[in-house]
Amino acid sequence: MKILIKNRLFVILCLHRSGSSATAGVLNYLGIHMGDHLLGENSSNPKGHFENIEFIKLNEELLKEYGGSWKKPPNISKLNFSEDQRKRNRINEFIKKNQRPIWGLKDPRFMLTFPLWKEQLEQFAKVTYIFLHRPFLESVYSLSHRDRISKRKSEKILKPYLRNKNTFRKQLEKEKADLIDVTFLELLSQPEEFVSKINRRLGLKENANLEKVRCFIDKRLKKF
């Protein structure tokens, strides 16, 4: 019998404007492959997003097919594709193409599409779920500022993300999944603990590549 050796996957689960680009950047500097083609830097993320462009595109397509978008989240109860082999095939194709021995995924839209991905990701990989936390109002203000929309509209967009994050966190904890919790502020001010947790899962010394992480992190990027 052929034994399937799973690769190691780190998945970030977060809201928009919660520090996910900084977190994904840290993973990148710790040697985790975040994708061949990454979304580049812009005025709101001058150091880059560290998001796999193909992953973003597929999540956007899935949301659209369920009548939603990143700023109009569909009802999570509708995200059931057990009878839709075409969607399963597209996700499988992405995983087979993008998986590496050690890799990572980050896209806040994933907080809306996670139920479509979970089973198949866990079939291919040993997954560590990284839950990134930031005070909700900070994310609201940051999104409002970036997109020049009202705080009320920003809050309406982000509430389903927060609700889903809490739901998924409880579900995965019940399943005894491998979880890491980190706050944006902790990551910026004291990255050592997060770096240590990742390195232990990689079988490396706890401070491996810590100096690279310190050089990457810039506290001035936190504006709210």
Side-chain angles (χ1 to χ4, degrees), residues 10-30 32 34 38-39 41-52 55-56 59 63 69-73 76 104-114 127-173 177-198 210 213-224:
F10 294 84
V11 171
I12 298 173
L13 290 164
C14 60
L15 280 65
H16 290 277
R17 310 306 297 165
S18 61
S20 59
S21 295
T23 308
V26 169
L27 296 183
N28 175 75
Y29 283 100
L30 291 177
I32 295 168
M34 299 303 295
L38 301 177
L39 188 65
E41 67 276 2
N42 58 24
S43 58
S44 63
N45 270 326
K47 289 201 171 188
H49 293 75
F50 300 93
E51 291 183 12
N52 184 316
F55 186 49
I56 298 171
N59 279 321
L63 290 172
S69 67
W70 75 266
K71 55 186 175 182
K72 187 182 177 183
I76 193 171
L105 288 174
K106 170 254 178 176
D107 175 14
R109 297 165 189 79
F110 191 51
M111 192 60 73
L112 306 176
T113 63
F114 178 63
V127 185
T128 295
Y129 295 101
I130 300 170
F131 280 86
L132 175 61
H133 307 287
R134 185 183 188 186
F136 182 64
L137 287 181
E138 288 188 9
S139 295
V140 168
Y141 294 155
S142 183
L143 180 61
S144 173
H145 176 77
R146 186 195 71 179
D147 290 3
R148 299 181 180 179
I149 58 178
S150 70
K151 292 182 178 64
R152 183 177 180 181
K153 185 174 182 180
S154 177
E155 184 175 359
K156 183 178 180 181
I157 291 171
L158 291 179
K159 273 188 174 180
Y161 289 82
L162 180 62
R163 184 169 57 248
N164 289 353
K165 187 181 79 168
N166 293 334
T167 297
F168 300 152
R169 177 68 178 72
K170 290 178 182 177
Q171 174 190 351
L172 289 167
E173 184 176 30
D178 184 32
L179 307 180
I180 294 177
D181 290 288
V182 61
T183 71
F184 185 31
L185 183 59
E186 288 171 345
L187 187 75
L188 293 179
S189 59
Q190 296 177 312
E192 296 83 4
E193 184 175 353
F194 180 68
V195 168
S196 173
K197 289 178 180 179
I198 298 297
L210 179 57
V213 169
R214 285 175 173 159
C215 290
F216 165 72
I217 288 176
D218 188 346
K219 296 179 182 180
R220 294 172 298 176
L221 298 180
K222 184 178 182 296
K223 297 182 175 62
F224 295 92

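One finds the OH atom of Tyr161 at 7.5 Å from the CG atom of Leu158 (value rounded to the nearest 0.5 Å). The distance from the CG atom of Asn166 to the NZ atom of Lys170 is 6.5 Å, given to the nearest 0.5 Å. Rounded to the nearest 0.5 Å, atoms OG (Ser139) and NE2 (His133) are 11.5 Å apart. If you take CD1 on Ile149 and CD1 on Ile157, they are separated by 4.0 Å, rounding to the nearest 0.5 Å. Here Lys197 contributes atom NZ and Leu30 contributes atom CG; the two are 13.5 Å apart, rounded to the nearest 0.5 Å. Atom-to-atom distance recorded for Leu143:CG and Leu15:CG is 9.5 Å, nearest 0.5 angstrom.
For the pair Met111/Leu13, a side-chain contact is recorded, criterion being any heavy-atom separation below 4.5 Å from C-beta on. Taking 4.5 Å as the limit, some side-chain heavy atom of Ile198 sits within range of a side-chain heavy atom of Ile32.
The two residues Cys14 and Ser20 have their closest heavy-atom pair at SG-CB, 3.4 Å. Annotation for Thr113 and Asn59: closest pair OG1-OD1, 2.7 Å, computed over non-hydrogen atoms. When all heavy atoms of Phe136 and Leu162 are compared, the closest pair comes out as CD1-CD2, 3.8 Å. Counting all heavy atoms, side chain and backbone alike, Thr183 lies closest to Leu132 at C-CD1, 4.2 Å.
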Would Lys106 and Ile130 count as a side-chain contact (heavy atoms from CB on, under 4.5 Å) if you check the C-alpha gap in whole Å, the side-chain angles of each, and the deciding distance to 0.1 Å? CA-CA 10 Å; Lys106 170 254 178 176; Ile130 300 170; over 6 Å; no
Hey, mind stepping through Arg169 and Glu173 against side-chain contact (heavy atoms from CB on, under 4.5 Å) and telling me if it holds? CA-CA 6 Å; Arg169 177 68 178 72; Glu173 184 176 30; 3.4 Å; yes
Checking Leu105 against Phe110 for the side-chain contact (heavy atoms from CB on, under 4.5 Å) test, could you report, in this order, the C-alpha distance in whole Å, the side-chain angles of both residues, the deciding distance, and whether it holds? CA-CA 9 Å; Leu105 288 174; Phe110 191 51; 5.6 Å; no
Worked check of side-chain contact (heavy atoms from CB on, under 4.5 Å) between Arg146 and Arg17: CA-CA 9 Å; Arg146 186 195 71 179; Arg17 310 306 297 165; 3.8 Å; yes
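Heavy-atom contacts from other residues, nucleotides or ligands closer than 6.0 Å to CD of Glu192 number more than 12. Environment of NZ in Lys71: sparse, with no more than 12 heavy atoms of neighbouring residues, nucleotides or ligands closer than 6.0 Å. More than 12 heavy atoms of other shown residues, nucleotides or ligands fall within 6.0 angstrom of atom CD in Gln171.
In this structure, Lys165 is not positioned above the aromatic face of Phe131 in the sense of NZ or CZ being under 6.0 Å from the six-membered ring centre and within 45° of the axis.
For Phe194, there are no ring pair (Phe, Tyr, Trp, His ring centres under 6.0 Å) partners at least two apart in sequence or on another chain.
Note on ring orientation: taking the six-membered ring where Trp is involved, the planes of Phe114 and Phe168 are tilted (angle from 30° to 60°).
The existence of a salt bridge linking Lys151 and Glu155 is excluded, since no basic side-chain nitrogen approaches an acidic carboxylate oxygen closer than 4.0 Å.
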